[in-house]
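For reference, the structure discussed in these notes is given below.
First listed ligand is number 1; within each ligand, the first listed atom is number 1. In this text, all values refer to a predicted model and were calculated from it rather than measured experimentally.
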Amino acid sequence: MSEHIQSSATRLAAVRGLIAGAARDCGRKPDEITLVAVSKTFEAAAIEPVLGAGQRVFGENRVQEAMAKWPDLRMRHPGTDLHLIGPLQSNKAADAVAFFDCIESLDRPKLARALADEIQRQGRQPLLMVQVNTGAEPQKAGILPEAADAFIADCRGPLGLAIGGLMCIPPADEPPSPHFALLAKIARRNGLNRLSMGMSADFPAAIQCGATHVRIGSAIFGTR
Ligand SMILES: *Cc1c(COP(=O)(O)O)cnc(C)c1O
């Protein structure tokens with residue numbers, strides 16, 4: 001895509017068209033898929049036109065960065081949903097619960113406990129997704145696939161957390177579809193119906209494997 005000539009609003013429309021096409025190709029309805037526009041590293045001025053084009057769900061990977069740039073944008077564009085898609089430290093759980101509508105990166109018991117405490121204390125309940133490290137990559141966040149069932153059960157049981165879905169980021173150097181299929185399988189056997197998977201390079205494959213949320217940054221905002 002010629003991202004330097006096209007505007008972000010134009011690229012957003014193109015991405016929406018591709019999402020709809022990928023959905024129809026596998027017999028799904030386009031409105032089953034939520035586009036999470038990943039605005040990390042981009043300033044408010046770059047996000048504004050995408051909001052202006054009607055996009056209302058955004059992803060950020062850092063709590064601090066989101067809290068610096070989103071209060072103004074949200075005030076100007078009510079009804080905007082913010083997803084935290086990056087690793088979350090337990091000591092930022094309070095900020096994350098207060099600020100985000102969805103936390104996609106729940107991936108370990110200590111964080112689950114911190115989130116449960118804050119949800120209780122604040123009386124605010126963001127949607128929670130468990131991140132699964134489908135490729136078992138040592139440098140990557142996420143619960144290991146073989147530990148996912150027990151972790152989800154612990155979140156739901158003792159901690160009383162409502163788990164809404166699963167998220168994954170497949171290894172960069174492997175075909176993504178087996179990872180998407182694995183995430184879908186873990187979701188099915190745990191009765192979860194939201195799947196956040198697919199980025200700029202692989203979202204059509206993710207939609208084919210059942211993605212309900214695709215997280216797309218560079219195809220909309222340009223190269224970071
Ligand atoms: C940056 C990021 C994305 C978006 O990646 P693009 O390749 O720019 O679409 C999606 N998910 C996560 C977790 C990210 O950190």
Side-chain angles (χ1 to χ4, degrees), residues 1-4 6-19 22 33-43 46-47 49-50 53 55 57-67 69-70 81-89 92 96 99-108 111 126-143 164-177 179-180 182-184 187 194-224:
M1 262 190 268
S2 48
E3 63 188 34
H4 297 293
Q6 290 181 331
S7 70
S8 55
T10 304
R11 290 191 298 263
L12 173 70
V15 165
R16 288 199 167 288
L18 291 170
I19 290 172
I33 296 140
T34 300
L35 168 58
V36 182
V38 177
S39 48
K40 66 185 187 198
T41 77
F42 288 95
E43 292 175 4
I47 301 171
V50 176
Q55 176 65 26
V57 186
F58 289 83
E60 289 283 346
N61 70 335
R62 294 212 167 100
V63 176
Q64 236 64 347
E65 180 187 338
M67 289 178 76
K69 70 189 185 190
W70 273 99
D81 261 25
L82 284 183
H83 288 221
L84 179 63
I85 60 170
L88 176 58
Q89 292 172 280
K92 297 220 178 82
F99 199 74
F100 288 92
D101 304 287
C102 175
I103 297 170
E104 300 199 15
S105 47
L106 169 53
D107 68 347
R108 58 195 192 281
L111 177 59
L127 181 65
L128 300 177
M129 297 193 192
V130 168
Q131 181 175 356
V132 182
N133 187 356
T134 57
E137 295 173 279
Q139 82 286 7
K140 200 167 266 175
I143 193 98
L166 301 180
M167 182 269 247
C168 78
I169 310 167
D173 55 355
E174 287 181 30
S177 288
H179 295 274
F180 297 151
L182 173 59
L183 197 72
R194 290 186 194 82
L195 285 171
S196 174
M197 54 190 198
M199 319 201 313
S200 292
D202 56 17
F203 67 88
I207 289 169
Q208 202 158 41
C209 294
T212 61
H213 293 68
V214 290
R215 308 178 310 269
I216 300 181
S218 49
I220 296 169
F221 290 98
T223 315
R224 287 182 294 274

Using a strict cut-off of 4.0 Å, indicate which atoms of ligand 1 neighbour a heavy atom of [X].
{"X": "Ile169", "value": "13 (C)"}
{"X": "Gly217", "value": "4 (C), 6 (P), 8 (O), 9 (O)"}
{"X": "Ile216", "value": "9 (O)"}

For [atom], what's the nearest protein heavy atom and its distance?
{"atom": "atom 2 (C) of ligand 1", "result": "Lys40 NZ, 2.6 Å"}
{"atom": "atom 6 (P) of ligand 1", "result": "Ser200 OG, 3.5 Å"}
{"atom": "atom 10 (C) of ligand 1", "result": "Met199 SD, 3.2 Å"}
{"atom": "atom 11 (N) of ligand 1", "result": "Arg215 NE, 2.9 Å"}
{"atom": "atom 12 (C) of ligand 1", "result": "Ile85 CD1, 3.5 Å"}

Give yes if a backbone or side-chain nitrogen or oxygen of Ala219 is under 3.5 Å from a nitrogen or oxygen of ligand 1, and no if not.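 No, since none of the N or O atoms of Ala219 sits under 3.5 Å from an N or O of ligand 1.
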
Result block: side-chain N/O donor-acceptor pairs under 3.5 angstrom for residues 202-213, not counting sequence neighbours:
from: Asp202; atom 1: OD1; to: Met199; atom 2: N; distance (Å): 2.6
from: Thr212; atom 1: OG1; to: Leu195; atom 2: N; distance (Å): 2.8
from: Thr212; atom 1: OG1; to: Leu195; atom 2: O; distance (Å): 3.3

Kindly give the heavy-atom pair with the smallest separation between [X] and [Y], and that separation in Å.
{"X": "Gly142", "Y": "Asn133", "value": "O-CB, 3.6 Å"}
{"X": "Leu166", "Y": "Met129", "value": "O-SD, 4.0 Å"}
{"X": "Ile216", "Y": "Ser200", "value": "CG2-OG, 3.4 Å"}

Is there side-chain contact between Phe42 and Ser8, with at least one heavy-atom pair below 4.5 Å?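 Not touching, per the 4.5 Å side-chain cut-off.
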
Is there side-chain contact between Leu182 and Val132, with heavy atoms separated by less than 4.5 Å?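 Leu182 vs Val132: side chains apart.
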
Salt bridge (Lys or Arg N to Asp or Glu O under 4.0 Å) pairs, two or more places apart, involving residues 132-143: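 Listed by first then second residue: Glu137-Lys140.
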
Structural part of Arg224 in contact with ligand 1, heavy atom criterion under 4.0 angstrom: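 Only the side chain of Arg224 comes within reach of ligand 1.
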
